[in-house]
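Some notes on the structure that comes next.
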Amino acid sequence: LPHFIEWHSKTHSLTHSDKFSLFCGLGHDPILRDIFTPLSIGATLCIPRQETLYDPELLGVFIRSNQVTVIHLTPALGQVLSTDPELTGLLHSVRWFFWGSESLTQAAVKKMHPIAPKAKHVNFYGATETPQAISSYVIVGNERLPVYPIGQGIDNVQLLVIRENGWLADDGEDGEIWVRTPYLAKGYLGQEQQTRASFV
């Protein structure tokens, strides 16, 4: 977590003047990122009521009234936010949308441009066994990609695509994503066999 927070803050110029929203559920591991990133840099953490997350109008009012600048969200939450036509051009405070948890489509990002015209978009990819995000992809407005890639590994994280036989995949070959980094979980609690199989 400290490794990710340092990389995240430095790479995206996050400062004490930023205002972060907390949209993650309490039982979901990204909550560590959402709480400790702003607190570690002295920024503000804005926490909505639960019902706000399901109502586009309330969600827009929350972001506007708190002048939120940094939002970590899923495409599903982006869909909720983008369904309110009254929000067009009103979320001027948002500097960053950091997407995660699901595949990110161009259509999802495109719907957000009229709402938050100044915001930049980054696709994050990660897993519970790894840092909060192990890779990122900064989205450029003129790209023509139906689904955005997961990008490259963050500092000190290497992504490998491994075939079933254990060898590195060549360009165009199918495989499984493996993560090489010192910043991994130690294993699965009480599951030694699964730990040996996954943490090679």
Side-chain angles (χ1 to χ4, degrees), residues 1-12 14 23-37 53 70-82 96-112 120-200:
L1 186 63
H3 169 68
F4 167 79
I5 290 173
E6 183 179 351
W7 168 84
H8 189 21
S9 301
K10 179 182 69 176
T11 302
H12 303 108
L14 306 177
F23 292 157
C24 183
L26 295 178
H28 196 206
D29 66 291
I31 195 165
L32 299 173
R33 167 204 67 200
D34 291 355
I35 290 175
F36 291 112
T37 301
L53 299 177
V70 179
I71 299 176
H72 291 97
L73 76 167
T74 63
L77 187 58
Q79 179 66 31
V80 172
L81 191 57
S82 65
W96 291 103
F97 284 114
F98 296 104
W99 300 83
S101 295
E102 305 164 27
S103 295
L104 180 60
T105 65
Q106 184 182 42
V109 172
K110 194 173 181 180
K111 288 179 182 177
M112 303 302 281
K120 295 178 183 175
H121 299 260
V122 179
N123 192 22
F124 273 172
Y125 173 77
T128 304
E129 298 88 347
T130 65
Q132 298 295 302
I134 55 167
S135 70
S136 70
Y137 182 81
V138 178
I139 295 164
V140 180
N142 58 1
E143 290 176 303
R144 299 276 185 242
L145 298 169
V147 177
Y148 291 108
I150 63 171
Q152 296 185 339
I154 68 171
D155 290 349
N156 296 315
V157 174
Q158 185 180 22
L159 302 183
L160 308 169
V161 180
I162 305 295
R163 294 181 298 184
E164 284 187 18
N165 62 7
W167 290 88
L168 280 170
D170 290 324
D171 286 350
E173 286 188 320
D174 290 339
E176 183 179 29
I177 297 173
W178 287 33
V179 182
R180 180 185 287 162
T181 178
Y183 303 104
L184 290 174
K186 293 184 183 296
Y188 302 107
L189 186 62
Q191 299 180 46
E192 294 181 16
Q193 187 174 352
Q194 188 177 353
T195 296
R196 284 195 300 272
S198 296
F199 290 82
V200 178

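Please read these numbers as outputs of a predicted model, since none were measured by experiment. Every heavy atom of this structure was used, including side-chain atoms; hydrogens, water molecules and symmetry mates were not.
- Shortest non-hydrogen contact noted between Ala108 and Trp99 is O-CH2, 4.2 Å.
- Sequence neighbours left out, not one pair with a member in residues 96-108 passes salt bridge (charged side-chain N to carboxylate O under 4.0 Å, His left out).
- Without hydrogens or angle criteria, Asn123 side chain to Ile139 main chain gives no donor-acceptor distance under 3.5 Å.
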Steps toward side chain to side chain contact (heavy atoms under 4.5 Å, CB included) verdict (His121, Tyr148)
CA-CA 11 Å; His121 299 260; Tyr148 291 108; over 6 Å; no

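- Going from atom CG of Asp174 over to atom CD of Glu176 covers 12.0 Å, rounded to the nearest 0.5 Å.
- Heavy atoms of other residues, nucleotides or ligands lying less than 6.0 angstrom from CD of Glu6 number 12 at most.
- Heavy atoms only, all atoms of each residue included: Val122 and His12 are closest at CG2-NE2, 4.2 Å.
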Kindly determine whether Phe23 and Leu53 satisfy side chain to side chain contact (heavy atoms under 4.5 Å, CB included), including the steps that lead there.
CA-CA 7 Å; Phe23 292 157; Leu53 299 177; 3.4 Å; yes

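- Minimum interatomic distance between Val147 and Ser103 (heavy atoms only, all atoms of both residues): CG1-CB, 4.2 Å.
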Does the pair Tyr188 and Glu129 meet the rule for a side chain to side chain contact (heavy atoms under 4.5 Å, CB included), with working shown?
CA-CA 9 Å; Tyr188 302 107; Glu129 298 88 347; 2.7 Å; yes

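- In this structure, the separation between CG on Leu73 and SG on Cys24 is 11.5 Å, given to the nearest 0.5 Å.
- Counting heavy atoms of neighbouring residues, nucleotides and ligands inside a 6.0 Å radius, atom CD of Glu173 exceeds 12 of them.
- Taken to the nearest 0.5 Å, the CG atom of Leu145 stands 11.5 Å off from the OG1 atom of Thr105.
- Annotation for Met112 and Ser82: closest pair SD-CB, 4.0 Å, computed over non-hydrogen atoms.
- Here the closest heavy-atom approach between residue Gly187 and residue Phe199 is recorded as CA-CE1, 3.6 Å.
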Scan the side chains in residues 152-161 for donor-acceptor partners under 3.5 Å anywhere in the protein, sequence neighbours excluded, and list what turns up.
unit_1: Gln158; atom_1: OE1; unit_2: Arg180; atom_2: NH1; d: 3.0

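- When side chains are defined from C-beta on, Leu104 counts as touching Val109, because their heavy atoms get closer than 4.5 Å.
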Output, in order, the C-alpha distance, side-chain angles, deciding distance and verdict of side chain to side chain contact (heavy atoms under 4.5 Å, CB included) for Ile71 and Leu77.
CA-CA 11 Å; Ile71 299 176; Leu77 187 58; 5.7 Å; no

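- Shown here for Trp167 and Asn165, the closest heavy-atom pair between the two residues is N-OD1, 2.9 Å.
- You'll find the ring centres of His8 and Phe98 inside the 6.0 Å limit.
- For Thr37 (side chain) and Arg33 (main-chain N/O), a donor-acceptor pair under 3.5 Å exists by modelled atom type.
- In this structure, CZ on Phe4 lies 4.5 Å from CZ on Phe124, to the nearest 0.5 angstrom.
- Counting heavy atoms from C-beta outward, Ile134 and Tyr125 have side chains that approach closer than 4.5 Å.
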